[in-house]
Structures are given as C-alpha cells and as structure tokens.
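Reviewing the structure listed below.
These numbers were taken from a predicted model, which means no experiment stands behind them. Every chain is numbered from 1, with letters handed out A, B, ... down the list of sequences.
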2 protein chains.
Amino acid sequence: MSQDGVDLETSLGYLLKEASSALRAAMEDVLRPLGMSVTRYSCLELLAQRPGLSNSELARGAFVTRQSMNVLLQTLEEEGLVTRPARAPVGKVLPTRLTPRGRRSLQGATAAVRSVEARMLAGMGEPEQAAAFRALRSMVDALRDGG
Amino acid sequence: MSQDGVDLETSLGYLLKEASSALRAAMEDVLRPLGMSVTRYSCLELLAQRPGLSNSELARGAFVTRQSMNVLLQTLEEEGLVTRPARAPVGKVLPTRLTPRGRRSLQGATAAVRSVEARMLAGMGEPEQAAAFRALRSMVDALRDGG
DNA sequence: GACGGTATGTCAGGATGCTGACATGAGTCA
DNA sequence: TGACTCATGTCAGCATCCTGACATACCGTC
C-alpha cells in the first residue's frame with residue numbers, strides 16, 4: 001500500500017466487509033478439499049438444523065435468491081443429498097429434507113467450519129464475543145427497518 | 001420461518017454474514033438511484049483517499065480480483081472518471097487517479113453511504129462501537145495468519 | 001551479472017448468481 | 001363468491017465475478 005488509512009481503516013462498515021470476506025475465504029479454503037462450496041454447505045446446514053425448510057426459506061437463510069437456491073436444490077436432489085416431495089402437500093411449498101447421505105456429507109464440512117469459527121474467535125474472551133454479538137445484531141436490526 | 005434458531009442464530013460467523021449482507025443491500029439501495037454499484041463506489045472512494053493506487057491494490061481494497069477490477073477501471077476510464085498513464089512510469093504498475101469528473105461523481109455517493117453507515121450505528125454508543133471495532137479486527141487478524 | 005521468487009497487467013473461458021417474468025396457491029376483505 | 005394482495009416455484013436471459021494462463025518487471029541472493 002502506498003499510504004496508511006485515512007478513513008477507510010476507521011470505518012466499521014469497511015471492517016465489517018473485511019471480516020466477512022476473510023471468513024468466507026477461510027471457509028472456502030477448508031471446504032474445497034471436501035468438494036463443497038459455502039452456499040452448498042449453508043444449505044445443508046440449514047436443513048440439518050431446520051428440517052422441512054422450503055426453497056425460499058433456504059434462499060433467505062443462505063443469502064442468495066430463490067432462483068439460485070432452486071438450481072442448487074436440483075443438483076443436491078440429483079446427487080441424493082436431499083429429498084423433496086414431487087407434489088406440494090400444501091400450497092406450492094416443497095419442504096426439503098436431508099437424506100442420510102446428505103447428513104453424512106455434511107458431517108465433515110460442519111467440523112471444518114466449526115474449526116474456522118473457533119480460530120476466528122481465538123484471542124477473544126467470552127465477554128468480548130458477547131459484545132460483538134450484540135453490536136452486530138444491533139447493526140442488522142438498524143439496517144433492516146430503515147430499508 | 002418454521003422454527004426459531006437452534007444454533008445458527010447463536011453463531012457469530014452467521015451473524016457476521018448477515019450484517020455484511022444487510023449493509024451491502026442497504027448500500028445498493030442508496031447507490032442505485034445514483035447509477036452506481038458498490039464495487040464502483042468502493043473503487044472511487046479508494047482512489048479519493050489514496051490517489052495513485054494500482055489496479056491490484058484497488059482490487060484487494062474492494063475485495064474483488066485483479067481481473068474484475070481491471071475491466072471496471074477500463075469502464076471508468078472510458079467514462080472519464082479516472083485516468084491511467086498509457087505506459088507504466090516504473091515496473092508494470094499503472095497508478096490510477098480520479099479526474100475532477102470522477103470526484104464529482106463520487107460526492108453524492110459518499111454522502112449516501114455515510115448516511116447508511118450512520119443508520120447502521122444508530123443505537124450504539126461510542127464504547128460499543130469501539131468494542132465492535134476491536135472484535136472485528138481481532139477476527140480478521142486471527143483468520144489471516146491461519147490462512 | 002545471472003537467477004529464482006514474487007507481483008503485476010491482461011487475455012480467454014467458464015461458473016455462479018441475479019433480474020425479469022409467469023402461473024399457481026393461500027389469505028384478506030368487501 | 002370474486003377481486004386483490006402476497007408468497008412461492010420455476011423458466012429464460014444476462015451480468016458479474018472468478019479460475020487458469022501468459023508475458024513482463026522488480027527484488028533478493030548468490
């Protein structure tokens with residue numbers, strides 16, 4: 001760098017992006033050897049924690065559009081990692097569930113991601129983590145209603 | 001949502017992604033009317049604060065690849081918002097600078113983004129902001145060396 | 001001075017995600 | 001019941017960004 005930060009380095013927004021970017025990169029690094037992407041992992045993890053989630057709910061949870069999640073679900077279905085009923089039990093919503101194979105595929109990935117998160121939190125005490133959690137939640141809420 | 005969070009809602013990593021996503025969405029909302037994207041704004045803002053940055057440095061600062069930044073710079077150059085020397089003064093590095101027109105184009109965008117950041121920080125006191133800053137920086141550093 | 005390592009700018013090809021649009025089903029209200 | 005609103009699943013087309021690769025220029029050690 002030619003010159004040290006004047007303003008960007010003091011901006012919480014920029015730092016937020018920096019942290020999120022670093023986290024994503026670290027996750028990609030550990031997931032790649034397992035043949036898994038971040039979006040793929042997010043989808044499976046969501047389904048493990050909340051079985052029966054719909055396509056749209058998964059999309060919101062993984063921060064992608066319905067359309068993107070839809071093609072991902074089709075792939076996962078072909079690979080036998082998830083199942084969706086052929087016809088909607090109610091409305092148009094197709095509740096998705098993990099197959100045993102999907103659960104197995106998720107195991108290693110979950111462990112890898114946990115280790116990344118642990119590394120990220122190393123050097124932070126419990127109260128600092130709690131403070132960070134409160135701060136981030138406050139930011140999310142403040143940005144949401146102002147939308 | 002079908003069910004309240006079991007684990008994801010308590011994960012700092014997930015919350016970090018959520019906050020970053022909300023911030024980006026809010027920025028896009030205020031920048032779109034100005035005919036500007038987040039990456040475009042980031043590039044111009046970087047150049048305003050650190051004139052003479054190279055393509056690669058801009059890419060790192062805006063969290064995209066050199067290749068992506070390169071095509072953006074070509075566009076900005078065609079539109080007369082930035083200038084790059086035809087030949088590198090030293091090495092291969094082409095120092096980029098904002099034109100007066102680029103500076104003008106940036107003005108409104110900067111104000112808009114500042115307002116978003118202000119909204120994001122509303123409801124947080126000074127010590128909380130400082131705590132959040134320290135926590136995020138700690139996370140970035142911890143993720144970087146482990147890479 | 002020569003050499004290996006590193007960083008840069010740039011080109012082509014491909015993967016991923018998004019915007020726009022449509023039909024369908026559920027809930028609301030007159 | 002019928003009209004209106006909203007959310008969903010899905011299709012097609014497009015934009016964006018990335019991966020891979022190459023030639024070139026600096027910088028260190030020898």
Sugar-phosphate, base or nothing in reach of B/R84, heavy atoms under 4.0 Å: sugar-phosphate

Phosphate OP1/OP2 of D/dC17 contacted by B/T39 side-chain N/O (<4.0 Å): yes

Side-chain N,O (B/T65) to OP1/OP2 (D/dT19) below 4.0 Å: no

Terminal axes of the helix from C/dG1-D/dC30 to C/dA30-D/dT1 (five pairs each): angle between them, nearest 10 degrees: 40°

Presence of salt bridge, B/R84 and B/E77, under 4.0 angstrom: yes

Pair B/E79 + B/R101: basic N to acidic O under 4.0 Å: no

Would you kindly give the [atom1]-to-[atom2] distance between [X] and [N], to the nearest whole Å?
| X | N | atom1 | atom2 | result |
| --- | --- | --- | --- | --- |
| B/E57 | C/dA7 | CD | P | 12 Å |
| A/F63 | C/dT16 | CZ | C1' | 18 Å |
| A/L58 | D/dT8 | CG | P | 11 Å |
| A/R60 | C/dC18 | CZ | P | 14 Å |
| A/R32 | C/dT16 | CZ | P | 12 Å |

Closest heavy-atom pair and its distance - A/M69, A/C43: SD-SG, 3.8 Å

Will you find, in the side chains of [X] and [Y], an N or O donor that is under 3.5 Å from an N or O acceptor?
| X | Y | value |
| --- | --- | --- |
| A/E28 | A/S37 | no |
| A/S42 | A/T39 | no |
| A/E57 | A/S54 | yes |
| B/E45 | B/T110 | yes |

Heavy-atom donor-acceptor pair, B/T99 side chain to B/G80 backbone, under 3.5 Å: yes

Side chain proximity check, B/L98 to B/L106, heavy atoms < 4.5 angstrom: yes

Side-chain touch A/L16/B/L16, heavy atoms, less than 4.5 angstrom: yes

Sequence-aligned protein contact record of nucleotides 20-28 of chain C, with B where the base is within under 4.0 Å of a protein heavy atom and S where only the sugar-phosphate is: BB-BBSS--

Distance (rounded to the nearest 0.5 Å) between A/M27 CE and A/S115 OG: 10.0 Å

Sorted by number, the residues of residues 68-82 of chain A with heavy-atom contact under 4.0 Å to DNA chain D: A/N70, A/Q74

A/S37 vs B/N55, nearer the 5' end of DNA chain C by closest nucleotide: B/N55

